[in-house]
**Q** 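Please find one structure pasted underneath; my questions will follow.
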Amino acid sequence: MLFTEPGFLFLFLPVLLGLYWTVRPTEWRNLLLVIASVIFYAKGGGAFTWLILGSIAFNYVMAIGVGRARDVSESRAKALVTVAVAVNLAVLVVFKYANFLVHNVNLLLGTFEIDSSLGAPGIVLPIGISFFTFHAISYVVDVYRRAAVAQKSPVHAALYLLLFPQLIAGPIIRYREIADQLARRVIDLDGFAEGVRRFIVGLGKKMLIANVVAVPADRIFAMPPDQVSAAHAWLAVVCYTLQIYFDFSGYSDMAIGLGRMFGFRFPENFRWPYIAGSVQDFWRRWHISLSSWFRDYVYVPLGGNRASPARVYLNLVTVFFLCGLWHGASWSFVVWGLYHGMFLAIERMARDGRSRGAERGPGRFGPDSAPTRALVHVYTLIVVMVGWVFFRAETLTGAIGVLKAMAGLSPAFATEFAASWYFTPDLWLALASGIIGSAPVVPAIRQWLDARIPGRSSVDSVGSSDSVGSGPDSVGSRFSRIYPTLVDAVRVAALSWVLAASILQVAAGSYSPFIYFRF
Amino acid sequence: MHRSANRALALVFVAAISAPLLANLAGADGADPGAENREMAAFPSFDGTVTSLEAFPAGFDAWFADHFGFRSTLVSWDAWLRLFLFDTSSSPQVIVGRDRWLFYADDGAGEDIGSTAPLSTGELRNWRDALVRAREWLNHQGIAFVFTIAPDKHAVYPEQLPAGIERVASVSRMEQVLAELSDLDFALDLRPALSAAKARERIYHVTDTHWNERGLLVAYQAIIDAARRQHPSVPPAWPRSDFKEELKTTDAGDLGGMLGLKRVLHEERLLLTPKRPRLARAVEPRGAGLTEELGRLVTEIPGSTLPRAVIFRDSFVSPMVPFLSEHFSRAVYLWQNDFDAAVIRAERPDVVIQEIVGRHLYTFVPSPELVPR
């Protein structure tokens, strides 16, 4: 089930909220959430629900075993955690990568002219398995590392692994970040409203921006590459760059908002990635829960930053190879991962080189000058956008075709829909909102306003502030008294509008008519 | 935000997400099968087996997605806003043209509008072979044969298409096929007659893919004239003066329905009521409406000695059936583009008419081997 489906928004969520508020004790609420999460998964996952439930039972038992062994024997604990991680990974590999592996083994044997009789297993991918596996691994490893205590309550363990807001698409939440909240959390109106705000923002990002810019991107990426002109290619890549950010961060916003509605505080997953000043910075702002998972469970065990420079570069490339592969069982994802790994290694080399080299004065083109700052942002954006071409294209040849078109090297044979065809008013709106929304514009405006309204304290304060330094009846002081209410009114109005427009899109998405009657 | 603002927002949100479900519980049904032209998802059954348990969540979700409260209202509001604020279509199957003329983009029409893939010489030859074989076989039995292509709206009114769509090839498939068949007497090119009529009045609907009453009358007359040339005992086509004309504003056509605006947009229709009574009745299925979209429709004029006909057709002939059926003592209408020798042998008609809409030249390949030697 997706958050943007009518079945979730208009049925699952209102019913669950109603039950959740009616039921008082936290343990009953936890049980309710577990049952709801199973239903949530079952809708999309069908029979795979049994797999997930089995995996929960397995990890629950293993974590307790590791926790107990930790106090007795280091080697026993290590063996247990290795088995747990191996089994979890094996499940992931079989279900996600078996087809890919078999296909590539066949290809490889084919080049040696060995006729392999390996049939494609035709395995179906259980929804959310990539996220689920990483949750489970982080749980047992954290218990092993004594960063967390194994969960004795099966309901709490199930709740952690199954919690529906993050079950299918993250954020990847570490057990220690949430362990306390499983047993104790506050559910009140202000927290609920905070969750609602976040959810609506995410819903709007997905329905009003991501889905709109997806239309040209999908169409153009489906075209034969030799028909794609430079205009087409750039339009598609800009659209996809916005689509993937607003889709993914929107979904994360919805997950975080939903969690908050039920009293949970989830960590942030995105932090304005497109204003990053380097690829390294980008990865501190994009899918933060994934990059930190890879840092803590792969990069650091491989030696982290403490290894020799050459080893560090290799580790970076390895981690990003795996990161690419995690996104999908296809060579274009692997290339995308390696591409980012390569740039990270290069940037690290440059940083290492600069720190060893002579001190450079500020000057006009020093590291902090405006042209340099602008240049590093442009560099990062271009690297990221070119990376998205590999991520999005179905095949490597397709990706190269689009890149060639971007450089103006495509034959660009005549095609039915000119690039201008895609520029409908709603696309213009989505592009403008998307580009502006990729930078922290709203927070900046709020800060600017806050600094100028006399005597204002933060907008989230419960009481109004007294103006300081102006007469009590001056226009300024009157304005600063109504300012918080004004801001609130604008926010509620804007959020309501976004909710209404998004709901219209959700309904429209369920409509699938035919021209003649179909049974 | 302050408490009162939080309360307001929470209220708005809960009200918004609960409204559809509450509407359903109050008995409302958000589905509008008439507009979507399909069977809406049925409520899933649960018979106690594990399989039905596994399938229940997905089945229920599918039911809810089709039936949730206010669905058809929300769909039409979205479509209306898109159409009137942005001049864009809310459906990938519908293209909004100039003056809000609607065009179909699916079922081969999208490719046809852009002429993206002309027929090869071999494919054209195949078309010619299939039709010439059919002609020869029918001729051998003394049966007249008329073949025609019904032009799509975008072929007759390309000037109403929106800017930004470009023709890739210089000829459409319809133009190619008609050029290939231009020397054959049984191949009827409707374009000249339609062009002449277009100069006088609008001959296609605005919110529908098909020709309107004015256009179909012209096409019907051309088809009957072509049949008469080979089989003079077919009565002459009824002229426009044989009809009473009445303008009526109705719901939108099929394209308006696909947008979810069936009852929001309107179509101006010309109702043609014949001055003399019509004699043809549906005998298969008995009592059916003559313009219904049926796989097999048979009309008869009781006690008539007029010629018999078999007509291979699609939806462009549907509104024409009441007109055509007056010329034949028995007319068998088959909704297919394929030639069917078995039916012809069974029916032993005097006239065979084969009609295909232009965009189906992208999806249909004739099979000459279906025609017996």
Side-chain angles (χ1 to χ4, degrees), chain A residues 1 5-7 9-11 13-15 17 39 42-44 46-47 49 189-190 192-194 196-197 199-200 215 413-418 420-426 459-460 462 484-485 488-489 491-492 495-496 499-500 503-508 510-519, chain B residues 1-3 5-10 12-14 16-18 20-21 35-39 54-55 57-58 60-61 64-66 68-71 74-75 77-79 81-82 85-88 90-91 93 104 106-107 110-111 113-114 116 163-168 209 254 257-258 260 293 315:
Chain A
M1 207 187 298
E5 280 174 20
L9 206 51
F10 301 134
L11 180 63
L13 187 59
V15 169
L17 282 172
I39 294 171
K43 187 277 151 173
T49 315
L189 179 70
D190 291 330
F192 178 75
E194 189 189 322
V196 166
R197 279 201 295 280
F199 182 82
I200 293 177
V215 171
F413 295 126
T415 187
E416 184 174 354
F417 298 107
S420 58
W421 159 253
Y422 297 97
F423 281 97
T424 52
D426 53 344
V459 194
D460 291 310
V462 178
T485 321
D488 281 353
R491 281 178 87 175
V492 171
L495 287 167
S496 304
L499 179 64
I503 284 176
L504 277 185
Q505 298 314 301
V506 167
S510 73
Y511 191 67
S512 60
F514 290 95
I515 196 144
Y516 307 130
F517 198 88
R518 302 274 180 96
F519 299 99
Chain B
M1 289 202 317
H2 295 77
R3 206 106 229 281
N6 283 341
R7 220 178 277 139
L9 186 67
V12 164
F13 180 71
V14 171
I17 65 171
S18 311
L21 181 60
E36 279 185 79
N37 265 340
R38 63 179 172 89
E39 285 286 324
E54 282 168 359
F60 185 82
D61 202 66
F64 191 75
D66 271 355
F68 67 86
F70 302 114
R71 179 178 180 268
L74 291 169
V75 168
W77 282 359
D78 174 69
L81 283 168
R82 279 188 186 277
L85 271 186
F86 297 140
D87 257 334
T88 51
S90 53
S91 164
Q93 295 159 301
Y104 193 39
D106 207 3
D107 193 29
E111 293 87 338
I113 291 176
T116 56
I165 301 186
E166 291 162 0
R167 276 184 86 165
V168 177
T209 45
D254 51 19
M258 291 186 95
E293 294 177 346
S315 64

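Residue numbers begin at 1 in each chain, while the letters A, B, ... track the order of the sequences.
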**Q** Centroid-to-centroid, B/F13 to A/F199, below 6.0 Å?
**A** yes
**Q** Sub-3.5 Å donor-acceptor pair from the side chain of B/R7 to the main-chain atoms of A/L189, do we have one?
**A** no
**Q** Between A/V492, A/D426, A/L499, which shows the greatest number of heavy-atom pairs under 4.5 Å with chain B?
**A** A/D426
**Q** Between B/L81 and chain A, with a heavy-atom cut-off of 4.5 Å, which part of the residue counts as in contact: side chain, backbone, both or neither?
**A** side chain
**Q** Which one of B/R82, B/E111, B/R167 has the most heavy-atom pairs closer than 4.5 Å to chain A?
**A** B/R82
**Q** Please round to the nearest 0.5 Å and tell me the distance separating atom CD of A/Q505 and atom CG of B/D78.
**A** 4.5 Å
**Q** If you compare all heavy atoms of A/A507 against all heavy atoms of B/L74, which two are closest, and at what distance to 0.1 Å?
**A** CB-CB, 3.4 Å
**Q** If every non-hydrogen atom of B/H2 is compared with every non-hydrogen atom of A/P484, which pair is closest and at what distance?
**A** CE1-CB, 3.5 Å
**Q** First locate atom CG of A/D488, then atom CZ of B/R3, and finally report the distance between them rounded to the nearest 0.5 Å.
**A** 13.0 Å
**Q** Heavy-atom pairs under 4.5 Å with chain B - which of A/S496, A/S420, A/A500, A/P425 has more of them than the others?
**A** A/P425
**Q** For B/T116 and A/F417, run side chain to side chain contact (heavy atoms under 4.5 Å, CB included): C-alpha distance rounded to whole Å, both residues' side-chain angles, the deciding distance at 0.1 Å, then the answer.
**A** CA-CA 10 Å; B/T116 56; A/F417 298 107; over 6 Å; no
**Q** List the atom of B/D61, the atom of A/G7, and the distance in Å for their closest heavy-atom pair.
**A** OD1-CA, 3.4 Å
**Q** Examine whether an atom of B/F70 lies under 4.5 Å from a heavy atom of chain A, and if so say whether it belongs to the side chain, the backbone or both; otherwise answer neither.
**A** neither
**Q** Using a cut-off of under 4.5 Å for heavy-atom pairs, which of A/L9, A/L495, A/T424 has the most such pairs with chain B?
**A** A/L9
**Q** What distance do B/I17 atom CD1 and A/L11 atom CG have between them, rounded to the nearest 0.5 Å?
**A** 10.5 Å
**Q** Examine whether an atom of A/Y511 lies under 4.5 Å from a heavy atom of chain B, and if so say whether it belongs to the side chain, the backbone or both; otherwise answer neither.
**A** both
**Q** How long is the gap from CZ on A/R197 to CG on B/N6, to the nearest 0.5 Å?
**A** 5.5 Å
**Q** For the residue pair A/S510 and B/R71, what are the closest heavy atoms and their distance?
**A** O-NH2, 2.8 Å
**Q** Just so I understand: if I count every heavy-atom pair under 4.5 Å between each of B/A8, B/S90, B/G260 and chain A, which residue has the most?
**A** B/G260
**Q** Given the options B/A10, B/A5, B/P20, B/S91, which has more heavy-atom pairs under 4.5 Å with chain A than any of the others?
**A** B/P20
